[in-house]
Amino acid sequence: MLADSILEGLNPEQRRAVETTEGPLLVLAGAGSGKTRVLTSRIAYLIGACGIPAESILGVTFTNKAAGEMRERVEKLLGPSAGGLWLSTFHSMCVRILRRDIGALERARGFVIYDDADSLGICKQVLKRHRLDPRQYDPKKLRWRIDEWKNQGLLPAAAAAQASDIDDELSAELYGTYQRLLFDANALDFGDLLLQTVELFKRAPQVLAHYQRRWQYILVDEYQDTNRVQYDLVRLLGDAHGNLCVVGDPDQSVYAWRGADIRNILDFEKDYPRAKSIKLERNYRSTQPILSGATAVVQNNLGRKKKNMFTEREGGDLIHFFEAQDEREEASFVIGHILHGTRNEDKSLGDYAILYRTNSQSRAFEEELLKYDLPYTVVGGVRFYERAEIKDILCYLRLLVNPDDAQALARIVNKPARGIGKTTLDRAYELSAEREISLRAALAAFASEGAAKRTANKIREFLDMMNDLERFAERPVDEAISETLERSGYMKALVSEDNPDAEVRIDNLRELVSSAEDFHSVNAEVQDEDRTELELYLDQVALISDLDNYEHKPQSVSLMTAHSAKGLEYATVFLVGMEEGVFPHASSSYDEERLEEERRLCYVGMTRAMEKLFMTCARERRRFGSHSYQSPSRFLREVPEELMQVQSSAARGRSPRRERPVRRSREDRLDRTYTQESYDEGDGVRPGMRVRHSVFGVGSIEAVVGDGLNQKLKIKFDRAGIKTVMVRYANLEPA
DNA sequence: GACGCCGGGTTTTTT
DNA sequence: ACCCGGCGTC
């Protein structure tokens, strides 16, 4: 009875994916094939039809939003019997496990979670300890390398063993120091959350056994985006019973740069010989031209698992293509179309999404939207919890929970200014390294030993204040925040600044307090046996992404990167900035594997559209403050001509300067290669040309080196001599 | 120790 | 064009 209602409306493949409950199962779910529906129905089926207790089921996703949506849909199918079901991201799952069991690794349970900025700060500290010049050894690169290792499941010793050259050996050594500093601060970074959980399972079999017993059925969403550690986690948890269902689409694997290994999904059947596999190839989302166009693009990837997507949504518009003169015209074309649709075609703003390759591209569209007073929502970019003032207060809170948090301490010790500056902090760092004590202890030691009386008093005052604040660690989180704002003098300092910028920040802090009030009222009843509300709050804040807060508003245009758009759908999608160097991104242009990932990303972007898909490019674009000229993206050429419709220039909202009124055919438009990075449209840079540089004055080009984004010019300046400049940055004019 | 100027890097995507 | 960190000055 219940089983019937759960299975109702599923197509035969979906049904099979739901009913095949035992053993390993691979569900290859193409874009728009009802993947989430299958996952939620499957969970509901396990509980409602098979009688599996909800607490025996683990569902893992990549975003909190996806987890939340799934929970909602399962509850809709089953009602409250879904309580006890674990649905979470890999990261929050690991936090929960570690909070309970990290003691088995001889670590304290009160650890804090370090975000990217904190990690980078630690990297800088590492370089300092090794007396390396951060200009010579880039802390960002170190951060990147460490993250790579962590994604592969390698701790410092293993990394050192694998290091192939002297450079990498040094990095591995620095990685060791990095881990040491994290340990001293009782902190874990994002990568650690996963890696230490694997470590825990390996070193404490009884802990692993506990979770293996608990979770009899495991489901993993977006399996194509799992990295090595996530693979290991799934493997460890699932091996006991083998009831592992993974769902994914190799064509939508777009996170290799974050360590995702597409082989995890491609090799699933090898890894789990008993595995069954089901393909979901019926697309419920897009019209025929959109699906065919997207498929045609992604088919250019080699070594791809064959999939035959089909849709019954025959007819519909062809894919629209528009080539703008520059990014402003591109924006005005897009917004013009939206205005037309909402005024004349009964569309609402929520039907539209603007998708781009990089966050920085949102700007032109935002300006245009503002011009017409159209509400819009930007996903990504600067996150609320990363804004300086928010982060400052969160660092205070972190210190209430974990006094050893060195990053947090360093950040706020002089915010607001209280006379404890760089010199003092440096001394504290040195003491901390010498005596192997926490930064806070070192600061206290400095106050009673080396510091001048004035400084010593200021340090003591600060430490007393912090000790006093600690009483609020057990209080409701909104109280803790309000008290912190007062006692620290942070609010007072902002108020006395008395400028518009400070006002914005005050508003943000008020928003923080009110969101904390919400958190408090929601969590008031949910008493965790041994975690304070503040601790729970900090965990949540650390793991929340901008996307998680995104809600699709019916009266607001959505703007986001193609990455962020994965899993979402819109009636009309504008996939903008379709130019070589932008999409595919320049940094991926010379590597076949990375190009294929760009192509998959393009596929993801295109398949977000249900009814209308616009792909646009601009001939000219301002980047880094200077002009650049790009040719249309190769991906545009990969869309079959008969599926594409060129938007005529008559559709343009305003009249651009059009030096050539000649109507070119589509092929002409797409095949035309513009001279990249020239300073005057259409003309290439050639030796002998006279140019003007804003700093060096007039000179003549001696040589042209390379092309594309990295093109350099050797110029003999009349007064400044011979210089090599990057065209991209030089802002040259003809002279 | 605080403030202000200069120079360099920046724009790949994020849990 | 913009932001941030570093360095010099007060």
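All values below come from the heavy atoms of this structure, side chains included, with hydrogens, waters and symmetry mates left out.
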Inset, instruction - To the nearest Å, give me how far apart CG (A/Leu547) and P (B/dT14) are. - result: 9 Å
Legend entry - Cation-pi geometry met for A/Arg600 and A/Tyr603 (6.0 Å, 45°): no
Inset, instruction - Give A/Asn359 one of three labels, base, sugar-phosphate or nothing, depending on what nucleic acid heavy atoms sit under 4.0 Å from its own. - result: sugar-phosphate
Inset, instruction - To the nearest Å, give me how far apart NZ (A/Lys140) and P (B/dT10) are. - result: 6 Å
Inset, instruction - Find which nucleotide of DNA chain B each of A/Leu601 and A/Ala417 is nearest to by heavy atoms, and output the residue with the more 5' nucleotide. - result: A/Ala417
Legend entry - Side-chain N or O of A/Thr561 closer than 4.0 Å to phosphate OP1/OP2 of B/dT12: no
Legend entry - Comparing A/Arg363 and A/Lys124 on DNA chain C - which has the more 5′ nearest nucleotide: A/Arg363
Legend entry - A/Arg600 CZ to B/dT13 C1', straight-line distance once rounded to whole Å: 13 Å
Inset, instruction - Look at the side-chain N and O atoms of A/Thr424 and state whether any lies under 4.0 Å from the OP1 or OP2 oxygen of B/dG1. - result: yes
Inset, instruction - Classify the side chain of A/Arg594 versus the base of B/dT12 as yes if they form a donor-acceptor pair under 3.5 Å and no if they do not. - result: yes
Inset, instruction - Map A/His563 and A/Gly421 onto DNA chain B by nearest heavy atom, then report which one ends up closer to the 5' terminus. - result: A/Gly421
Inset, instruction - Take atom CG of A/Asn414 and atom C1' of B/dC3, then tell me their distance rounded to the nearest Å. - result: 13 Å
Inset, instruction - Could you check how far CZ of A/Phe583 sits from P of B/dT13, rounded to whole Å? - result: 12 Å
Inset, instruction - Test for a donor-acceptor pair under 3.5 Å between the base of B/dT13 and the side chain of A/Arg357, counting only N and O atoms. - result: yes
Legend entry - A/Asp546 CG - B/dT12 P separation (whole Å): 19 Å
Legend entry - Pairwise distance CE(A/Met578) to CG(A/Leu575) - rounded to 0.5 angstrom: 5.0 Å
Legend entry - Row check, A/Trp86 ring normal vs A/Arg71 NZ/CZ: under 6.0 Å, within 45°: no
Legend entry - Salt-bridge contact A/Lys391-A/Asp115 (side-chain N to carboxylate O under 4.0 Å): yes
Inset, instruction - Give a yes or no on this: more than 12 heavy atoms of other residues, nucleotides or ligands lie within 6.0 Å of atom CZ of A/Arg99. - result: yes
Legend entry - Distance in Å, A/Asp221 CG paired with A/Lys35 NZ, rounded so as to fall on 0.5 Å steps: 4.0 Å
Inset, instruction - Could you check whether A/His585 and the base of B/dT12 form a stacked pair, meaning centres closer than 5.5 Å and planes differing by less than 30°? - result: yes
Inset, instruction - Respond yes when some side-chain nitrogen or oxygen of A/Ser564 is under 4.0 Å from OP1 or OP2 of B/dT14, and no when none is. - result: yes
Legend entry - P-based separation of B/dT13 from C/dC4 [nearest Å]: 16 Å
Legend entry - Distance in angstrom units between A/Asp133 CG and C/dG5 P, rounded: 16 Å
Inset, instruction - With heavy atoms under 4.0 Å as the rule, sort A/Ser545 into base, sugar-phosphate or nothing. - result: sugar-phosphate
Inset, instruction - Indicate, with a heavy-atom threshold strictly under 4.0 Å, whether A/Tyr255 touches base, sugar-phosphate, or nothing. - result: sugar-phosphate
Inset, instruction - Please report, rounded to the nearest Å, how far the P atom of C/dC7 is from the CG atom of A/Asp426. - result: 12 Å
Inset, instruction - Output yes when at least one side-chain N/O atom of A/Thr423 is less than 4.0 Å from OP1 or OP2 of B/dG1, else no. - result: yes
Inset, instruction - May I ask you to say what A/Phe190 touches in the nucleic acid, namely base, sugar-phosphate or nothing, with a heavy-atom cut-off under 4.0 Å? - result: base
Legend entry - Centroid under 5.5 Å and tilt under 30°, A/Trp257 to B/dT13: yes
